[in-house]
Amino acid sequence: MSGNEQQYVKEAFDTNWIAPLGPNVEAFERDLMQYVQEDSHIAALSSGTGALHLGLILLGVKQDDEVLCQSFTFSASANPITYLGAKPIFIDSEEETWNISPELLEKAIIERIAQGKKPKAIIAVHLYGMPYKVREIREISLKYSIPVLEDSAEALGSSYHGVKCGTFGDVSIFSFNGNKIITTSGGGALCTKDKNMKKRAIFLATQARDEAPHYQHSRVGYNYRMSNVLAGIGRGQMEVLDNRVNARRNNYFYYKEHLGSLDGIGFLEEPKGCYSNRWLTCLTTRSKEQREWVRLALEEENIESRPLWKPMHLQPVFKNSLSFVNGVSAGLFERGLCLPSGSNLSRVDLDRTIEIIKRVIV
Ligand SMILES: *Cc1c(COP(=O)(O)O)cnc(C)c1O
């Protein structure tokens with residue numbers, strides 16, 4: 001926490017705005033809008049997952065539709081597809097950013113169209129804060145008229161050719177879950193250029209109440225609005241977002257400086273024009289065996305590290321889903337490791353981790 005969160009939370013108590021609406025919600029949306037892009041429209045919601053769910057609805061996804069989704073991601077990117085009775089089709093990654101492969105994406109679109117099933121949406125993810133290939137994905141989206149739902153849950157503060165992530169989708173989302181670069185303990189946001197889409201998102205997020213003095217509903221709604229108390233935390237967090245990004249980027253540079261030349265160890269570089277918030281610093285090893293040496297050596301010293309996300313096409317829950325794969329994400333899952341990456345790590349903390357890894361990699 002920055003320290004200022006409690007002031008905003010106190011304001012919520014003092015003014016008795018303990019509700020899923022209120023001045024903090026509006027101010028937090030304004031702070032986000034000013035940070036990301038002045039002409040964006042932002043709805044603060046109860047989670048990133050809820051934002052993805054509403055995003056799919058806004059893009060017209062319905063029962064039995066097909067949605068193309070980056071396979072290398074956290075399950076929350078894909079789960080909302082199934083909430084709607086739609087079907088995910090998983091697309092593997094390219095090596096440069098670890099995100100959705102434009103080649104495989106286009107191949108999947110062509111094949112599905114040939115089968116008479118044109119996909120309804122594309123979910124692309126800026127994994128670990130690294131921007132996906134925005135230009136290439138947008139070109140495919142325009143060529144085939146399939147909208148993009150941009151999962152920017154891990155990429156608040158990242159940018160692509162100077163433009164902030166969270167502004168590249170037909171609909172985009174953020175997460176403020178406890179593990180993200182800034183947090184409201186739990187929370188999310190939906191971001192769009194279309195004012196009416198924001199209105200529609202808030203309508204759906206507040207139980208889809210029609211305009212009437214009584215409670216009237218013409219369709220099914222959801223309870224996805226952000227609490228005014230939690231939005232107070234978000235306002236305090238926005239004040240330190242850029243500090244957090246700098247701290248995370250410094251973690252990355254420090255690890256890379258001290259570990260980058262070890263045999264078999266690699267770090268993901270920023271392609272030209274990409275600026276990553278480096279939410280988590282990840283390294284790759286030569287083999288699964290080498291990865292496990294590192295992980296277990298850290299665990300022995302009570303330092304937690306974790307394998308990279310297990311791709312969705314390898315998850316038991318999605319075993320019947322179609323996928324277009326090239327081995328990239330499966331390889332990263334086998335050989336990759338997320339290092340301790342908190343914004344509050346000291347040099348001493350980092351050095352401890354580095355020394356243990358150096359001892360194992362000889
Ligand atoms: C955290 C995360 C989400 C979900 O956000 P919640 O706020 O936890 O619901 C979605 N996608 C990705 C890639 C995430 O990391």
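The analysis underlying the following values was restricted to heavy atoms, covering all of them including side chains, and did not include hydrogens, waters or symmetry mates. All ligand and atom numbering here is 1-based and tracks the order in the structure.
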Engineer: Tell me which protein heavy atom sits closest to atom 5 (O) of ligand 1, plus the residue, atom name and distance to 0.1 Å.
Structural biologist: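 Going by distance alone, atom 5 (O) of ligand 1 is nearest to S175 OG, 3.2 Å.
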Engineer: Atoms of ligand 1 less than 4.0 Å from G187 heavy atoms?
Structural biologist: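 The list of qualifying atoms is 7 (O).
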Engineer: Would you call the rings of F168 and Y160 parallel, tilted or perpendicular if under 30° counts as parallel and over 60° as perpendicular?
Structural biologist: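 Because their plane-to-plane angle is over 60°, the rings of F168 and Y160 count as perpendicular.
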Engineer: Quick one: look up the protein heavy atom nearest atom 15 (O) of ligand 1 and list residue, atom name and how far away it is.
Structural biologist: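 Here the nearest protein heavy atom works out to E154 OE2, 2.6 Å.
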Engineer: Roughly how far apart are L58 CG and N196 CG, rounded to 0.5 Å?
Structural biologist: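 CG of N196 is found 11.0 Å from CG of L58.
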Engineer: Surrounding CZ of F253 (heavy atoms of other residues, nucleotides or ligands, distance under 6.0 Å), is the total greater than 12?
Structural biologist: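 Yes - once you tally the heavy atoms of other residues, nucleotides and ligands closer than 6.0 Å, there are more than 12.
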Engineer: Given the ring of Y35, does K164 sit roughly above its face, with NZ or CZ under 6.0 Å from the centre of the six-membered ring and within 45° of the axis?
Structural biologist: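 Yes; both conditions hold, so K164 lies above the ring face of Y35.
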Engineer: Does W279, backbone or side chain, put an N or O under 3.5 Å from an N or O of ligand 1?
Structural biologist: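 No; every N/O pair is 3.5 Å or more apart.
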Engineer: Can you list the atoms of ligand 1 that are under 4.0 Å from a heavy atom of T73?
Structural biologist: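 Checking each atom against T73, I get 13 (C).
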Engineer: Select one of side chain, backbone, both or neither to describe which atoms of V125 lie under 4.0 Å from any atom of ligand 1, heavy atoms only.
Structural biologist: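 The part of V125 near ligand 1 is the side chain, not the backbone.
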Engineer: Looking only at heavy atoms, what is the nearest atom pair of G55 and V171, with distance?
Structural biologist: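 Heavy atoms of G55 and V171 come nearest at CA-CG1, 4.0 Å.
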Engineer: Here's one to test your reading of the geometry: is the NZ or CZ of R249 within 45 degrees of the ring axis of Y275 and under 6.0 Å from its centre?
Structural biologist: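 The answer is yes, since R249 meets both limits relative to Y275.
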Engineer: Can a donor-acceptor pair be found between the side chains of T82 and N79 at a distance below 3.5 Å?
Structural biologist: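 There is no such pair (donor and acceptor under 3.5 Å, judged by atom type) between the side chains of T82 and N79.
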Engineer: Starting from atom 2 (C) of ligand 1, find the nearest protein heavy-atom neighbour and note its residue, name and distance.
Structural biologist: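 Answer for atom 2 (C) of ligand 1: K180 NZ, 3.0 Å.
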Engineer: Hey, does V360 have a side-chain heavy atom less than 4.5 Å from the side chain of Q290?
Structural biologist: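 With C-beta onward as the side chain, the pair stays apart.
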Engineer: Under 3.5 Å, side chain of N99 to main-chain N/O of T97, donor-acceptor pair present?
Structural biologist: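 Checked: pair present.
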Engineer: I need the contact type for S47 against ligand 1. Using non-hydrogen atoms and a strict under-4.0 Å cut-off, is it side chain, backbone, both or neither?
Structural biologist: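 It is both backbone and side chain that touch ligand 1.
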Engineer: Does ligand 1 have an atom under 4.0 Å from some heavy atom of G186?
Structural biologist: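 So G186 does not count as touching ligand 1.
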Engineer: Within the structure, is a non-hydrogen atom of S77 found at a distance of less than 4.0 Å from ligand 1?
Structural biologist: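 It does, in that a heavy atom of S77 comes within the 4.0 Å cut-off of ligand 1.
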Engineer: Counting from 1, what ligand 1 atoms have a heavy atom of A153 closer than 4.0 Å?
Structural biologist: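 With A153 as reference, the close atoms of ligand 1 come out as 2 (C), 3 (C), 10 (C), 11 (N), 12 (C), 14 (C).
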Engineer: What are the atoms of ligand 1, with element, lying closer than 4.0 Å to any heavy atom of N177?
Structural biologist: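 The atoms of ligand 1 under 4.0 Å from a heavy atom of N177 are 7 (O), 8 (O).
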Engineer: With a 4.0 Å heavy-atom cut-off (strictly under), which part of D151 contacts ligand 1: side chain, backbone, both or neither?
Structural biologist: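 Side chain only.
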Engineer: What do you reckon, does W309 have a nitrogen or oxygen under 3.5 Å from a nitrogen or oxygen of ligand 1?
Structural biologist: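 So ligand 1 has no N or O lying under 3.5 Å from an N or O of W309.
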Engineer: Report, in ascending order of atom number, the atoms of ligand 1 lying under 4.0 Å from any heavy atom of A76.
Structural biologist: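 Listed by number with element: 3 (C), 4 (C), 10 (C).
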Engineer: Note the single closest protein heavy atom to atom 9 (O) of ligand 1, along with its residue, its atom name and the distance in Å.
Structural biologist: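 Nearest neighbour among protein heavy atoms for atom 9 (O) of ligand 1, to 0.1 Å: T49 OG1, 2.5 Å.
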Engineer: For the residue pair L268 and C282, establish whether any side-chain heavy-atom pair is separated by less than 4.5 Å.
Structural biologist: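 With C-beta onward as the side chain, the pair stays apart.
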